[in-house]
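What follows is a set of notes on a single structure, which appears directly below.
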2 protein chains.
Amino acid sequence: MPICDPERSEAGAALTALILDLFRLSNRMLAAGDRLVAGLGLTSARWQVLGSIVAAERPQPVAWLARDMGANRQNVQRIVNDLAAEGLVDFQANPHHRRAQLVVLTARGRDAFAAAMRLQAPWINRLSEGLSVPDIGTTHAVVTALERKLDSDTKD
Amino acid sequence: MPICDPERSEAGAALTALILDLFRLSNRMLAAGDRLVAGLGLTSARWQVLGSIVAAERPQPVAWLARDMGANRQNVQRIVNDLAAEGLVDFQANPHHRRAQLVVLTARGRDAFAAAMRLQAPWINRLSEGLSVPDIGTTHAVVTALERKLDSDTKD
DNA sequence: ATCGAATTGACATTATGATGTCAAAAGGAA
DNA sequence: TTCCTTTTGACATCATAATGTCAATTCGAT
């Protein structure tokens, strides 16, 4: 769908065509994730926050989690507060900062995240059927390369 | 970051790792698009709606545009109404449906979209520097394949 | 022609995300 | 110490997205 292409390089044109599909896929993935874990009282956003907590080596304050996710500090704060209200996460005193408490998973939080990942496994296996592992790797490389470029652009 | 991988296929694990970066990239792309066309009174969402109108062979009612975009009917309706209030789009009588009017670009709408695409060209060219065209093609193929799979999943 | 299902736009409501401001707290430089 | 900058959580506000409902309309089946 080359809408109007006056001065685009070959790679630029290819990338333009890719971006619209990228948005579509991202929306569908989020929607699919929401459906997948709705029964656990989770959403894609909450799941992602829990994942960031799990992925971190040590407990982190909210602002650090937000930075890891590339998301807004305030939104992550709200989600973490919601999760705390439902007993999925808890706060620990931070020896290095009185206000910035550390976020940790409760037992229920760990269970919820594990349950989500158990639901995700057969779903992602089915979704990946017929895709070649090298192609997925190439896709991942292109995506992360674009991320890096956008990051350095923003910092200029 | 293989958080916990009990029963994931190789492709499934690779795809899991890809998805998080996919979300990050989508968010950054939307933010970059917003910055790029902010001076034109546009946003990524409005730009995308204008693009759908341009991409369609013939004028379409709002509901059809929304379906093409994989977006919510009501949100597209709101955006189209906003665009109409600012004189970028207009409504045409639909010979086949009294209520479902056809959305068309005004001269100003065509100008705004063309201006957005002119801004996009050097930006996308720079963003695509160093990426191989075949790799972009592979990425596009993977993305559209995943879209198709998610669509057929939803319809089950 | 008539009935029922599906589509469509309008409206309302809620949920989520984005942005700005503020005071508390921490770190660094003098 | 003192002063300044940065970080952080809390709060407020607004923008956008998502969801449900309704009546008008169209289309298909009978």
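Computed over heavy atoms, backbone and side chain alike; hydrogens, waters and symmetry mates excluded. Letters go in sequence order (proteins before strands), and every chain restarts at 1.
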Can you measure Asp82(B) atom CG to dC14(D) atom C1' for me and round it to whole angstrom units? 14 Å

Answer yes when Asp111(A) and Arg108(A) have at least one side-chain N-carboxylate O distance shorter than 4.0 Å, and no when they do not. no

Could you state the NE2-P distance from His96(A) to dA26(C), rounded to the nearest angstrom? 11 Å

Indicate, with a heavy-atom threshold strictly under 4.0 Å, whether Arg46(A) touches base, sugar-phosphate, or nothing. nothing

Of all the choices, dA17(D), dT19(D), dT16(C), which nucleotide is nearest to the side chain of Asn72(B) once you look at every atom? dT19(D)

In whole angstrom, give the distance that lies between atom CG of Asp34(B) and atom C1' of dA18(C). 10 Å

Walking DNA chain C from its 5' end, the first of Ala63(B) and Asn75(A) to be reached, judged by nearest nucleotide, is Ala63(B)

Any side-chain heavy atom of Leu102(A) sitting closer than 4.5 Å to one from Pro61(A)? yes

Round to the nearest Å and state the distance from Gln74(A) atom CD to dA18(C) atom P. 10 Å

Gln77(A) vs His97(B), nearer the 5' end of DNA chain D by closest nucleotide: Gln77(A)

If we ignore hydrogens and angles and just use 3.5 Å, is the side chain of Arg28(B) paired with the main-chain N or O of Leu146(A) as donor and acceptor? no

Rounded distance (Å) that lies between atom C1' of dT25(D) and atom CZ of Arg73(B): 13 Å

Pick the nucleotide of DNA chain D nearest each of Asn27(A) and Val62(A); which residue has the one closer to the 5' end? Val62(A)

Rounded distance in Å - CZ (Arg99(B)) to P (dA24(D)): 8 Å

Is any side-chain N or O of Trp64(B) closer than 4.0 Å to OP1 or OP2 of dT8(C)? yes

For a quick check under 3.5 Å, do Thr43(A) and Asp34(A) share a side-chain donor-acceptor pair by atom type? no

Taking atom types as modelled and ignoring hydrogens, do the side chains of Thr106(B) and Asp90(B) form a donor-acceptor contact shorter than 3.5 angstrom? no

Find the distance Asn94(B):CG to dT7(C):C1' and express it as a whole number of Å. 12 Å

Base, sugar-phosphate or nothing for Arg98(A)? Non-hydrogen atoms, less than 4.0 Å. sugar-phosphate

Gap between atoms CG and C1', on Leu30(B) and dT16(C) respectively (whole Å): 15 Å

Which is true for Ala45(B) with a 4.0 Å heavy-atom rule: it touches a base, it touches only sugar-phosphate, or it touches nothing? sugar-phosphate

